[in-house]
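Notes for the one structure printed next.
So that the names make sense, note that chain A is the first sequence line, chain B the second, and so on, each numbered from 1.
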Amino acid sequence: MKSLSLQKLPRQGEASSFLLEQLNEPQRKAAETLEGPVLILAGAGSGKTRALTYRIAYMIEQGIRPQDILALTFTNKAAGEMKERIAKLVGESKASGVWAGTFHAIFARILRMEAEAIGYTSSYSVYDADDSLSVVKAVMNSLGISQQQYTPNAMRNAISGAKNKHIGVQEYQREAGSIFEKQAGLIYQEYEKRLRANNAMDFDDLLLNVIRLFEMRPDILQRYQERFRYVLIDEYQDTNKAQYTAVAMLTRVHNNICVVGDDAQSIYRWRGADIRNILDFERDYPQAVVLRLEQNYRSTKTILSAANAVISNNADQLKKELWTANDDGELIDVVRCRDDREEAEQIVKYIRQEVRSGKEYRDIAVLYRTNAQSQAIEDALRRENIPYTIVGGVSFYKRKEVKDTLAYLKLIVNERDSESLQRIVNEPPRGLGKTSLQLIADYAEREGISLFDAYCIAESIPGLQKRAQTAALDFSAMIRRFSGVRNQLRPDELARTLIDATGLLRMYEEDGSDEALDRWNNIQRVLSHIAEYHDKNPDATLEQYVQEIALLSDMDNVDTHGKAVLMMTLHSAKGLEFPMVILPGLERGLYPLSKAEQNKDELEEERRLFYVGITRAEKKLVLLHAEKRYRFGEISYPMPSGFLSEITPELLRPIGGKAIPELSAWSSGGFRKPRHEHDFIDEYSGQKMTDSSGEKVRFIDEDV
DNA sequence: TAAAAAATCGTTTTT
DNA sequence: CGATTTTTTA
């Protein structure tokens, strides 16, 4: 056991390493305090990633073996960037030895290697939220629980919530009080049974099963404890109970755990993130060294003051004071718009103006609360020929044809994956309708065999039509044919011939409509993606590809250096920064969401989200809100967000109406009754404003 | 069985 | 409003 005193600790000014010279004082401390628990409270824009990468580089420089280091991040993108930056500091060969990835990706890898120990095979399937929802529906059906009374989504959330809190079926059922919870307990139990039967894990299982593995097999735990002598965790404020537990187990022996986070940026409570993990770190690790990175290098004084003012309204937080040596910068524009359409036009205007003054499109980001908001803005940008990239939304991987394609691949890797099987058994149509499917499923259940095995012996299923029998047999034979050669063929070739054999591509080709063509293209994209993957990982099997792709998000492929304005949700924007940030939709009911307004904790989370949004901006921040918005196909007249009045008025420049005197009145609830549209136009039409470039701009009445 | 028509829903945020 | 699911019809 090493102790701190054995460590070579350079005194102030006595830089021991070229690396450390490039850091400020607290960053350097963060980088050189290698042994024991370390908590780094890193404010927004304080060079957190820099401290972390230099720390790892310094470790390697100090002779720690790269493969002893485990760095856990929240997104694949963050992991990739970290690796890249480490490689720049210590060279590719050393950097590639470091284990860096998301919790889910790293744990999935561990589980693939140790699958047998917990009753899985290494070719287990990973179910995303959609898959698991569909299992919940099936379970509710078979248990005879009405989907009217409780929505499958609510049930899935209950199950996932329990898992994130590391609560198993037994415990959940024991603690269940309400009828809802009792029902959820039953569904939970059956759900687990089915996933296991399918040799499948959902996202939450990737964490839980690692804990189970470690609990059941101390020998295996010990191996990984030995292996990961140094563990670093980024975005610690967003870890959940399961992640906390797994990491605690891993680090118990060497106790070299270094976590970085900012409680003010915790925005995943709804997904089970437990802010106590970071708030209680000092209690959990009494010997912990606590460091604060409080100098912000990113934003102007104005932007930072606004952020500080907003977040100070939250009660529960660790004390830190973020400051900056940067200039005051421009005031923050608060733009009041007539409706969401005008809001989009205003955004266009700002982008235009910024580009005219010499900025690139990529310097600008539009960050919204909900994906639905992107539509109106997207239309306006397209109309105006402004290049843009939308992150997230309807994810590529969530599209029907892409999921179908992957389901075929998953099935040949894991025949027990009944979820994937049901998805594609009649896609394209093979003459296997609802009744036949039900008949086969019932038979499989009765005989206690897997769904796939039932398809293989379709000829002996009573009541099944001749035509359906042949279809089922042909289908299962095809799957088996490919399954048998899945380790002989190259993954890309295998995938291509399989998809060819399924007739999926042909179906869309024959359809010929624009939509079908689109789908055809998407399938081709998947296939070329596999080819690309094979080029990069020549030894990887299709099995590995299928498992890795399940953990990929749209965010991971975002090009922040491209030539387009970026549009995404605030959640996706965490960790990014832009010279100009535009935040639309600052209205009550939307931001904060109406659901959060009643609940203090949820309201505070919304506020942290706003804080994240503000602190993405380097130079210029624009806040917009509309007085009339289409929501749910209906017109609503929302009040401006209460968050707006939390910003010191001196930092704001109101545009589009007499916003200053009214801001506080609005947000304290003094907003007038929804007015009729003609009132509105009477009041504002023709009104002229001056924008920051000094030119006359017409805000209303400007129909494009 | 499959395609077309009608009804029903629902909205945070995502690894 | 738009996507998805259920019902009707060929």
Output one line per pair: protein atom, nucleotide atom from nucleotides 1-3 of chain B, and distance, for all N/O pairs under 3.5 Å.
from: dT1(B); atom 1: OP1; to: Gly433(A); atom 2: N; distance (Å): 3.4
from: dT1(B); atom 1: OP1; to: Ser436(A); atom 2: OG; distance (Å): 2.6
from: dT1(B); atom 1: OP2; to: Thr435(A); atom 2: OG1; distance (Å): 2.2
from: dA2(B); atom 1: OP1; to: Gly431(A); atom 2: N; distance (Å): 3.2
from: dA2(B); atom 1: OP2; to: Asn426(A); atom 2: ND2; distance (Å): 3.3

Between [atom2] of [N] and [atom1] of [X], the distance in whole Å:
X         : N       : atom1 : atom2 : value
His571(A) : dT15(B) : NE2   : P     : 11 Å
Gln373(A) : dC1(C)  : CD    : P     : 19 Å
Leu206(A) : dT14(B) : CG    : C1'   : 14 Å
Ile549(A) : dT15(B) : CD1   : C1'   : 15 Å
Leu609(A) : dT14(B) : CG    : C1'   : 13 Å
Asp202(A) : dT14(B) : CG    : P     : 18 Å
Asp204(A) : dT15(B) : CG    : C1'   : 9 Å
Gln147(A) : dT5(C)  : CD    : P     : 10 Å

Side-chain ([X]) to main-chain ([Y]) donor-acceptor, under 3.5 angstrom:
X         : Y         : value
Asp238(A) : Ile267(A) : yes
Tyr591(A) : Phe610(A) : yes
Tyr120(A) : Ala200(A) : yes
Glu345(A) : Ala380(A) : no
Asp205(A) : Asp202(A) : yes
Ser436(A) : Leu432(A) : no

Q: Report which part of the nucleic acid Phe103(A) touches: base, sugar-phosphate, or nothing (heavy-atom distance under 4.0 Å, all strands).
A: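 No contact.
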Q. Just the dot-bracket of DNA chain B, please: which string comes out with Watson-Crick or G-U pairs under 3.5 Å, [ ] for crossing, | for another strand?
A. ||||||||||.....
Q. So, Trp270(A) and dT13(B): ring centres less than 5.5 Å apart, planes less than 30° off, yes or no?
A.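 It does: the ring sits over the base of dT13(B).
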Q. Start at the 5' end of DNA chain B and walk down; is the nucleotide closest to Phe203(A) or to Thr151(A) reached first?
A.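 Between the two, 5'-proximity favours Thr151(A).
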**Q.** Of Asn76(A) and Glu602(A), the one whose closest DNA chain B nucleotide lies more 5'
**A.**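 Final value for this comparison: Glu602(A).
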Does [X] place a side-chain N or O at less than 4.0 Å from the phosphate oxygens OP1/OP2 of [N]?
X         : N       : answer
Lys137(A) : dT5(C)  : yes
Asn371(A) : dT13(B) : yes
Thr75(A)  : dT14(B) : no
Thr569(A) : dT14(B) : yes

Q.
Given the ring of Phe475(A), does Arg430(A) sit roughly above its face, with NZ or CZ under 6.0 Å from the centre of the six-membered ring and within 45° of the axis?
A.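 So Arg430(A) doesn't make the cation-pi contact.
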Q. Given dT14(B), dT12(B), dT11(B), which nucleotide is nearest the side-chain atoms of Leu593(A)?
A.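 Per side-chain heavy atoms of Leu593(A), the pick is dT12(B).
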Q. Thinking salt bridges, do Arg109(A) and Glu548(A) make one under a 4.0 Å N-O criterion?
A.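 The answer is no: the pair does not qualify as a salt bridge.
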Q. Checking only heavy atoms, does the side chain of Arg369(A) share a donor-acceptor pair with the base of dT13(B) at less than 3.5 Å?
A.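 Such a pair is found, so the answer is yes.
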Q: Report yes or no: do Arg369(A) and Ser641(A) form a side-chain donor-acceptor pair below 3.5 Å?
A: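 On atom types as modelled, these side chains do not qualify, holding no pair under 3.5 Å.
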Q: For Tyr127(A) and Asn198(A), test the side chains for any donor-to-acceptor distance below 3.5 angstrom and give the result as yes or no.
A: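 Yes.
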Q | Separation between the C1' atoms of dT12(B) and dT5(C), rounded to whole Å | A |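 That atom pair is separated by 22 Å.
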